[in-house]
A.B. asks: 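Quick one: structure below, then a few questions.
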Amino acid sequence: MASASVTVRVPAKVNLQLSVGPPRPDGFHELATVFHAVSLFDDVVARRVEPGAGISLTISGEGATFLPTDRTNLAWAAAELMADRAGVAADVAIHLNKGIPVAGGMAGGSADAAGALVACDQLWQLGTSRSELMELAAQLGSDVPFALHGGTAIGTGRGEQLMSVLARGTFQWVFALAEGGLSTPAVYAECDRLRGGGIVREPYISDNLMQALRAGDSVLLGKALHNDLQPAALSLRPSLRNVLELSDDYGALGGIVSGSGPTCAFIANDDDQSLDLAVSLTAAGVCRTVKRAVGPVPGARIIG
Ligand code: C5P
């Protein structure tokens, strides 16, 4: 018998490398990126409702008040797209419990879309294939397929074409969350502006990064982190420079702006060092809050 509700847990991502090419005719940028899923999660609950009730959306958790609860929310759009594709009525009550920072460069909105696809598929008993889920995800946003995939993966195209990466071991992360968010399109536009129309090299994945992942070597990984959007995020939010510099003093193995920011991500050697770093960053008062996490973790999965 079909259950009355489905809960899906979806991880945040950090880009270990984000290599950004020139803008394409469709307005997106060609990317070569390494996505890495970390243990900050959103839970997406899809609950059965009366036939004809339509879609409704509620949100709890950090930053919930800043998010729309109508069809402009990507989770709502995902439920609508799934119903359209399957030819079923879009009747569902969706609830998002946010653990991923809002507008933080960690793909929280994409996580919610991925979660809504998986939850509605299960609630409506559609049996959608993995490849079809991936295709729907790519229609919703560049980072949505990775939220389904999880783990560590190379992303090309606009980020939606994925290839798994074999990574050994687990890495310890500390995330410094900023006050307020940054708009992803604004950060890409600033990146183009700073480049001033000069020649931009083809996006690429560095060998050092791949080696660090294959070896499970946090020290090498710390040195190999790279984000082409970082200068743009720092230009729009100069205070992030303090966070990155301080974490260096506090012994982080490497630090980077996560995606389009403003969250900053730091890698630590082990659990103890990660705790020290988190405490020091908190005490320095340079960010809104600090969260610790590990990666890689699996993509969207049903937990109840
Ligand atoms: O795909 P998504 O809706 O997440 O993208 C949000 C915005 O980020 C796009 O409208 C675009 O401005 C920018 N973007 C980009 N190139 C990419 C991915 C995103 O320019 N590869």
Side-chain angles (χ1 to χ4, degrees), residues 10-37 42 44 63 66-68 70-82 96 98 100-117 133-150 153-163 181-197 200-205 226-233 235-237 256-263 299-300:
V10 199
K13 62 86 183 161
V14 57
N15 302 78
L16 306 179
Q17 175 169 11
L18 182 46
S19 179
V20 178
R24 312 191 311 200
D26 65 2
F28 286 91
H29 294 69
E30 196 68 21
L31 302 183
T33 189
V34 178
F35 290 112
H36 182 71
D42 280 2
V44 180
F66 300 108
L67 292 172
D70 58 17
R71 57 168 29 90
T72 62
N73 189 300
L74 220 45
W76 183 306
E80 237 167 20
L81 182 64
M82 182 57 111
L96 310 176
K98 304 283 308 170
I100 305 176
V102 170
M106 300 193 75
S110 303
D112 299 341
L117 285 178
L133 275 177
M134 282 292 182
E135 196 194 304
L136 294 175
Q139 281 183 44
L140 290 161
S142 309
D143 291 341
V144 184
F146 179 71
L148 290 176
H149 187 285
I154 291 177
T156 52
R158 58 186 170 87
E160 87 287 15
Q161 293 162 28
L162 298 174
M163 203 172 70
L182 276 174
S183 134
T184 303
V187 175
Y188 273 100
E190 180 67 0
C191 174
D192 292 337
R193 192 187 71 79
L194 292 174
R195 285 171 164 179
V200 177
R201 90 175 262 190
E202 282 296 306
Y204 70 103
I205 300 294
H226 182 80
N227 181 1
D228 277 353
L229 291 181
Q230 186 160 309
S235 165
L236 296 175
R237 192 68 72 82
I256 199 170
V257 169
S258 177
S260 56
T263 305

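Keep in mind it's a predicted model, so treat the numbers as computed, not measured. Counting convention: from 1, in listed order, for ligands and their atoms alike.
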A.B. asks: Of all the heavy atoms in G27, does at least one lie under 4.0 Å from an atom in ligand 1?
C.D. replies: yes
A.B. asks: List every atom of ligand 1 that sits less than 4.0 Å from any heavy atom of R158, numbering the atoms from 1 in the order shown and giving each element.
C.D. replies: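 The list of qualifying atoms is 1 (O), 17 (C), 18 (C), 21 (N).
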A.B. asks: Does CZ in R71 sit with more than 12 non-hydrogen atoms of other residues, nucleotides or ligands closer than 6.0 Å?
C.D. replies: no
A.B. asks: Within the distance-only criterion (no hydrogens, no angle test), does the side chain of N227 pair as donor or acceptor with the backbone N or O of V257 below 3.5 angstrom?
C.D. replies: yes
A.B. asks: Students should be able to answer this: which protein heavy-atom is nearest to atom 3 (O) of ligand 1, and at what distance?
C.D. replies: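 Going atom by atom, the protein heavy atom closest to atom 3 (O) of ligand 1 ends up being G141 CA, 4.2 Å.
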A.B. asks: Would the distance check show the side chain of D228 and the main-chain N or O of V20 forming a donor-acceptor pair, the cut-off being under 3.5 Å?
C.D. replies: yes
A.B. asks: Numbering the atoms of ligand 1 from 1, which are under 4.0 Å from a heavy atom of L31?
C.D. replies: 21 (N)
A.B. asks: Is a side-chain N or O of S258 found less than 3.5 angstrom from the main chain of T263, in a donor-acceptor match?
C.D. replies: no
A.B. asks: Can you check which of T184, L140, V20, D26 brings a heavy atom nearest to atom 8 (O) of ligand 1?
C.D. replies: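 Considering heavy atoms of T184, L140, V20, D26, the nearest to atom 8 (O) of ligand 1 sits in T184.
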A.B. asks: Taking the side chain from S19 and the backbone from Y204, do they hold a donor-acceptor pair closer than 3.5 Å?
C.D. replies: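 A pair under 3.5 Å: yes.
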A.B. asks: Tell me: protein heavy atom nearest atom 7 (C) of ligand 1, and distance?
C.D. replies: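 Result: P185 CG, 3.9 Å.
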A.B. asks: Name the closest protein heavy atom to atom 9 (C) of ligand 1, giving the residue it belongs to and the distance to 0.1 Å.
C.D. replies: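 Residue, atom and distance for the closest contact: F28 CE2, 3.8 Å.
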A.B. asks: Give me the residue, atom name and distance of the protein heavy atom closest to atom 13 (C) of ligand 1.
C.D. replies: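 Of every protein heavy atom, Y188 CD1, 3.4 Å lies nearest to atom 13 (C) of ligand 1.
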A.B. asks: Which protein heavy atom lies closest to atom 21 (N) of ligand 1, and at what distance to 0.1 Å?
C.D. replies: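 Result for atom 21 (N) of ligand 1: H29 O, 2.8 Å.
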A.B. asks: Could you give me the CA-CA distance, side-chain angles and deciding distance for S260 and T184, then say whether side chain to side chain donor-acceptor pair (under 3.5 Å) is met?
C.D. replies: CA-CA 6 Å; S260 56; T184 303; 3.2 Å; yes
A.B. asks: Ignoring angles and geometry beyond distance, decide whether S142 reaches within less than 3.5 Å of ligand 1 through its nitrogen or oxygen atoms.
C.D. replies: yes
A.B. asks: Can you list, pair by pair, the side-chain donor-acceptor contacts under 3.5 Å of residues 137-146, counting residues two or more places apart and other chains?
C.D. replies:
residue, atom, partner, partner atom, Å
S142, OG, R158, NH1, 3.0

A.B. asks: Measure from the side-chain N and O atoms of R237 to the backbone N and O of G181, and report whether any donor-acceptor pair falls under 3.5 Å.
C.D. replies: yes
A.B. asks: Can you tell me if D143 has a non-hydrogen atom under 4.0 Å from ligand 1?
C.D. replies: no
